[in-house]
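From a predicted model like this one, the values you see are computed outputs, not experimental measurements. Values below: every heavy atom of this structure, side chains too, minus hydrogens, waters and symmetry copies.
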Amino acid sequence: MLDLKFIRENIELVKEGLAKKGEKADLGPFLELDARRRTVLQEVETLKSERNKVSEEIARLKKEKSPEADKKVLEMRQVGDKIKLLDDELRIIEEKLTEITLALPNLPDPTVPLGQSEKDNVVEKTVGDEKKFDFAPQPHWELGEKLDIIDFERGVKMSGTRFYLLKGAGAKLQRALIAMMLDVHTRKHGYGEILPPYIVNHHCLIGTGQLPKFSDNLYHDAEEDFWLIPTAEVPVTNMYRGEILDGSQLPLYHVAYTPCFRREKMSAGKDVRGIKRGHQFDKVELVKFSLPENSNQELQKLLADACAIPELLGLRYRIVQLCTADLTFSSVKTYDVEVWAPGCNEWLEVSSCSNFGDFQARRANIKFRREPKAKPEFVHTLNGSGLALPRTMIAVMENYQNADGTITVPEVLRPFMGMDVIK
RNA sequence: GGAAGCGUGGCCGAGUGGUUGAAGGCGGCGGUCUUGAAAACCGUUGUGCCGCAAGGCACCAGGGGUUCAAAUCCUCUCGCUUCCGCCA
């Protein structure tokens with residue numbers, strides 16, 4: 001959410017920022033409502049001030065048993081009616097303002113490359129060489145079925161399209177990856193491990209920016225205010241919702257492994273083959289709370305922490321900076337990490353590392369104090385996958401496959417797997 | 001799911017319609033004293049919004065209502081505790 005005062009005072013800057021993101025919002029209604037709000041507010045507060053004074057007077061007069069009291073009560077009854085009318089108007093104005101501001105995306109950082117679509121994203125660097133095969137590498141869905149470690153048919157039978165089961169060494173491989181990632185981030189990168197609820201209320205989703213605009217992509221309970229998380233970012237960022245943190249504790253680093261649930265209505269027909277895009281998938285997520293002045297530096301460190309995983313797995317990967325048009329709703333600046341999958345012959349996004357500035361902090365009301373008595377300020381929030389499991393699985397399976405259809409277990413995972421080859 | 005009780009500031013805790021944004025205590029911060037520390041004493045100690053400012057308004061789990069006036073009364077929601085039922 002953008003600050004009301006900031007929009008009011010920087011209207012051209014806001015328009016420009018929104019345009020860069022491909023958002024053509026008409027801010028006219030905003031300005032009108034904002035002005036009207038302040039007028040009505042001042043009016044009603046003057047009346048309330050008067051009522052407060054006279055009410056005190058009435059208390060005194062009643063104590064003195066003065067006949068004046070009843071007259072004043074009648075007067076105040078009329079003032080009360082006026083207040084009620086103005087308060088009602090104010091409530092409507094504020095609801096509309098909230099509706100508008102909650103739907104406005106965050107503004108991009110000035111350093112983000114301008115672009116019209118994902119085609120304008122910038123590949124920053126590519127690490128590692130392409131693996132040479134003396135046979136035609138198979139896609140993971142073929143490897144998985146032949147080794148009986150991924151079962152697509154039964155997944156569909158149980159739940160429907162875009163569901164699958166991991167079996168035996170497949171399930172174990174994913175468990176090994178999760179354990180390895182959590183160990184690396186907690187032991188080497190200083191993240192505190194969290195195991196959050198997988199179901200949250202709507203306040204959390206407003207806090208991180210999924211609601212109110214993107215409810216289409218979320219699963220929720222028909223009767224209660226229960227929503228399945230689309231990413232651990234939601235519960236972990238909202239841990240500190242409505243709190244004022246001690247500035248000396250910042251930056252705070254958290255890592256959480258959770259399943260993620262997405263309806264994927266927006267990507268119907270896209271990536272239907274294999275395990276690349278399911279309605280349920282697992283992910284290890286990194287979340288940071290930072291001082292405003294350090295957030296871009298923290299983003300670079302976050303990105304490095306995410307890249308440590310493909311590095312350890314010996315996977316070829318690249319870093320892509322998203323252009324203005326491809327930034328998500330809440331993001332100020334984002335880098336994707338992609339790994340190469342020789343079987344399906346494409347780069348797979350396994351992490352998306354973003355700085356959200358104070359956008360989420362403002363929505364979720366997460367503040368900090370620099371000094372014990374200092375005025376509270378909004379923190380900056382950041383997050384990135386570290387990493388998403390299905391696509392990491394794909395990359396491991398396809399890169400480590402052998403001519404006979406077996407898969408060699410990467411060195412780092414062997415202590416977790418208790419086997420060298422999946423056959 | 002049923003019944004009863006409860007929900008006040010960082011924490012504990014007073015307060016059942018009228019100078020209560022809220023007593024008192026603890027904790028925190030500043031000071032006096034001390035070589036230093038402790039103790040003692042004094043002072044200070046919530047957030048948001050509107051306003052150039054002076055200042056004003058709002059907030060006692062959350063929403064709605066009654067009243068000239070609500071932490072205090074009514075109502076709904078949420079949460080906590082205890083008992084019963086159920087369950088991993």
### Task
Please state whether the rings of A:F163 and A:H279 are parallel, tilted or perpendicular, taking 30° and 60° as the class boundaries.
tilted

### Query
Using a cut-off of 4.0 Å on non-hydrogen atoms, how would the nucleic acid contact of A:K48 be classed: base, sugar-phosphate, or nothing?
sugar-phosphate

### Message
Students often get this wrong, so: under 4.0 angstrom with heavy atoms, is A:R37 touching a base, only sugar-phosphate, or nothing?
### Response
sugar-phosphate

### Task
May I ask you to say what A:L41 touches in the nucleic acid, namely base, sugar-phosphate or nothing, with a heavy-atom cut-off under 4.0 Å?
sugar-phosphate

### Task
Remember a base hit wins even if backbone is also touched, and classify A:K53 as base, sugar-phosphate or nothing at under 4.0 Å, heavy atoms.
nothing

#### Entry: Interatomic distance where CD belongs to A:E371 and P belongs to B:rG30 [whole Å]
11 Å

### Message
Checking A:K21 now: which residues fulfil salt bridge (charged side-chain N to carboxylate O under 4.0 Å, His left out) with it, not counting sequence neighbours?
### Response
none

### Query
Which part of the nucleic acid, if any, lies within reach of A:D225 when heavy atoms closer than 4.0 Å are counted: base, sugar-phosphate only, or nothing?
nothing

### Task
Using distance alone, with no hydrogens and no angle criterion, decide if A:Q174 and A:D282 have a side-chain donor and acceptor under 3.5 Å apart.
yes

### Query
How is A:K63 classified with respect to the nucleic acid when contacts are heavy atoms under 4.0 Å: base, sugar-phosphate, or nothing?
nothing

### Query
Salt bridge or not for A:E377 and A:R369, using N-O below 4.0 Å?
no

### Task
Decide side chain to side chain donor-acceptor pair (under 3.5 Å) for A:Y253 and A:D305; before the verdict, give the C-alpha distance in whole Å, the side-chain angles of both, and the deciding distance to 0.1 Å.
CA-CA 11 Å; A:Y253 290 12; A:D305 293 339; 5.8 Å; no

### Task
Nearest whole angstrom, please: distance from the C1' of B:rG55 to the CD of A:E45.
11 Å

### Query
Is there a Watson-Crick or G-U wobble partner for B:rG5 with both distances under 3.5 Å, and which nucleotide is it?
B:rC80

#### Entry: Residues A:D151 and A:Y164: side-chain donor-acceptor under 3.5 angstrom
no

### Message
By the 4.0 Å heavy-atom rule, please label A:Q42 as base, sugar-phosphate, or nothing.
### Response
sugar-phosphate

### Query
Roughly, in whole Å, what's the span from CG in A:L90 to C1' in B:rG56?
15 Å

### Message
So A:K367, base contact, sugar-phosphate only, or nothing? Heavy-atom distance under 4.0 Å.
### Response
sugar-phosphate

### Query
B:rA61 and B:rG51: how far apart are their C1' atoms, nearest whole angstrom?
31 Å

### Query
Among residues 192-212 of chain A, which residues get a heavy atom nearer than 4.0 Å to RNA chain B?
none

### Query
Using a cut-off of 4.0 Å on non-hydrogen atoms, how would the nucleic acid contact of A:R8 be classed: base, sugar-phosphate, or nothing?
sugar-phosphate

### Query
CD of A:E75 versus C1' of B:rU67: gap in Å, rounded?
17 Å

### Query
Would you call A:K72 and A:E57 a salt bridge, taking side-chain N to carboxylate O under 4.0 Å as the test?
yes

#### Entry: Separation of atom NZ in A:K5 from atom P in B:rG48, rounded to whole Å
11 Å

### Query
For B:rC29, which nucleotide in any strand shown is its Watson-Crick or wobble partner with both distances under 3.5 Å?
B:rG43

### Task
Write down the partner of B:rA53 under the Watson-Crick or G-U wobble criteria, each distance required to be under 3.5 Å.
none

